Amino acid sequence: MDVTKKDENVLAGIVGAFLFSLIGGVIWFVLDLVGYVAAISGLVGAVCAVQGYRIFSGTISKKGVIIALIIALLVLVLAWYLCFTKDVYQAHQEWYESGQIRYMPTFVECFRSGHLFLQEPEVARGYYGNLFMGLAFAVLGSVRFIINAFRNAAAKKAAPEAMASYGTPSFDYTPNAPTGDIFDPAAQQSQKAEAPKE
């Protein structure tokens, strides 16, 4: 059964892609908490987003794969920035406890102003490198779905054209006539009349 023949519910697919892509975002955050490189979470997030779109929308298409991939990338960026904000917040805690700063910002304040630390080349290099690796894994995880979606779309487009190319069958069949001759009843009657009688 070809599910691509079903009507595609894009809105429901977007909801499904977002909910399923959260799995990749949570994995990214958890791996970061335990000190592991979370880039592989991009692969998980992309695959989950595409599957979530397919389940909720009832089918998957080129448009659906692209939408799911974009949502997965956005969720991964959000997860990455939350991890970065956590690091900024913990850094402020250490500075506050050591007396280097007199005010301890909240997590929300670190979220709003944390991007200022990315202006430092050394800080930006490490964090952006991890982000780009995660996004690359996400794109890599979507390649198979993108290829399949384009193949299905091409097959659906080629099927009606192939049927139309058959057209109405024509036969040049002449019963009771030798190959290459045209059946002519009048000529056969004339041949019978001219045949010698035994």
Side-chain angles (χ1 to χ4, degrees), residues 1-90 106-118 123-159:
M1 181 177 180
D2 185 8
V3 295
T4 57
K5 294 182 179 180
K6 297 180 180 179
D7 293 333
E8 184 176 5
N9 190 332
V10 177
L11 182 59
I14 291 175
V15 174
F18 174 73
L19 294 177
F20 275 61
S21 65
L22 290 177
I23 298 175
V26 171
I27 293 176
W28 184 300
F29 194 83
V30 171
L31 289 179
D32 185 81
L33 285 176
V34 296
Y36 287 95
V37 177
I40 191 65
S41 306
L43 176 63
V44 178
V47 173
C48 290
V50 172
Q51 293 298 340
Y53 185 96
R54 181 184 61 81
I55 293 172
F56 276 64
S57 70
T59 183
I60 192 69
S61 63
K62 294 186 294 183
K63 176 174 63 177
V65 173
I66 294 173
I67 292 175
L69 177 59
I70 293 175
I71 292 175
L73 296 180
L74 292 177
V75 171
L76 291 175
V77 171
L78 177 60
W80 166 81
Y81 193 74
L82 285 174
C83 292
F84 173 70
T85 302
K86 171 186 64 66
D87 293 342
V88 172
Y89 181 76
Q90 291 176 346
T106 64
F107 188 88
V108 175
E109 289 174 334
C110 291
F111 183 87
R112 292 175 178 174
S113 61
H115 65 278
L116 298 175
F117 289 90
L118 293 173
V123 176
R125 188 180 304 111
Y127 283 96
Y128 280 134
N130 194 16
L131 173 62
F132 291 148
M133 284 181 61
L135 298 181
F137 273 105
V139 174
L140 182 63
S142 304
V143 168
R144 179 171 62 89
F145 297 103
I146 295 174
I147 293 175
N148 289 340
F150 274 78
R151 284 179 178 175
N152 291 338
K156 289 175 63 178
K157 182 179 180 181

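Fair warning: this is a prediction, and the values are worked out from it, not measured in the lab.
Of all heavy-atom pairs between Phe29 and Lys86, the closest is CZ-CD, 4.2 Å. Here the shortest heavy-atom pairing between Ser21 and Ala49 reads CB-CB, 3.9 Å. Of all heavy-atom pairs between Phe84 and Val123, the closest is CE1-CG1, 4.1 Å. In terms of heavy atoms, Ala72 sits closest to Gly45 at CB-O, 3.8 Å.
In this structure a side-chain-to-backbone donor-acceptor pair under 3.5 Å is present from Asn148 to Arg144. In terms of modelled atom types and a separation under 3.5 Å, the side chain of Ser41 and the main chain of Trp28 share a donor-acceptor contact. Using modelled atom types, one side-chain atom of Tyr81 and one backbone atom of His115 make a donor-acceptor pair closer than 3.5 Å. Under a 3.5 Å cut-off, the side chain of Tyr89 and the backbone N or O of Phe111 do not form any donor-acceptor pair.
Within the 4.5 Å cutoff, no side-chain heavy atoms of Ile71 are placed close to those of Tyr53. Between Ile60 and Phe145, every side-chain heavy-atom pair lies at or beyond the 4.5 Å cut-off. Side-chain contact between Leu135 and Val77: present, with at least one pair of heavy atoms (C-beta onward) separated by less than 4.5 Å. Looking only at side-chain heavy atoms (C-beta outward), Asn9 and Phe56 stay at 4.5 Å or farther from each other. Counting heavy atoms from C-beta outward, Ile147 and Arg151 have side chains that approach closer than 4.5 Å.
The line from CG of Leu22 to CG of Leu76 is 10.0 Å long, rounded to the nearest 0.5 Å. Taken to the nearest 0.5 Å, the CG atom of Leu31 stands 9.5 Å off from the CD1 atom of Ile40.
Ring pair Trp80/Tyr128 is parallel by interplanar angle, where below 30° counts as parallel and above 60° as perpendicular.
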Verdict with reasoning, Phe117 to Asp87, per side-chain contact (heavy atoms from CB on, under 4.5 Å): CA-CA 11 Å; Phe117 289 90; Asp87 293 342; over 6 Å; no
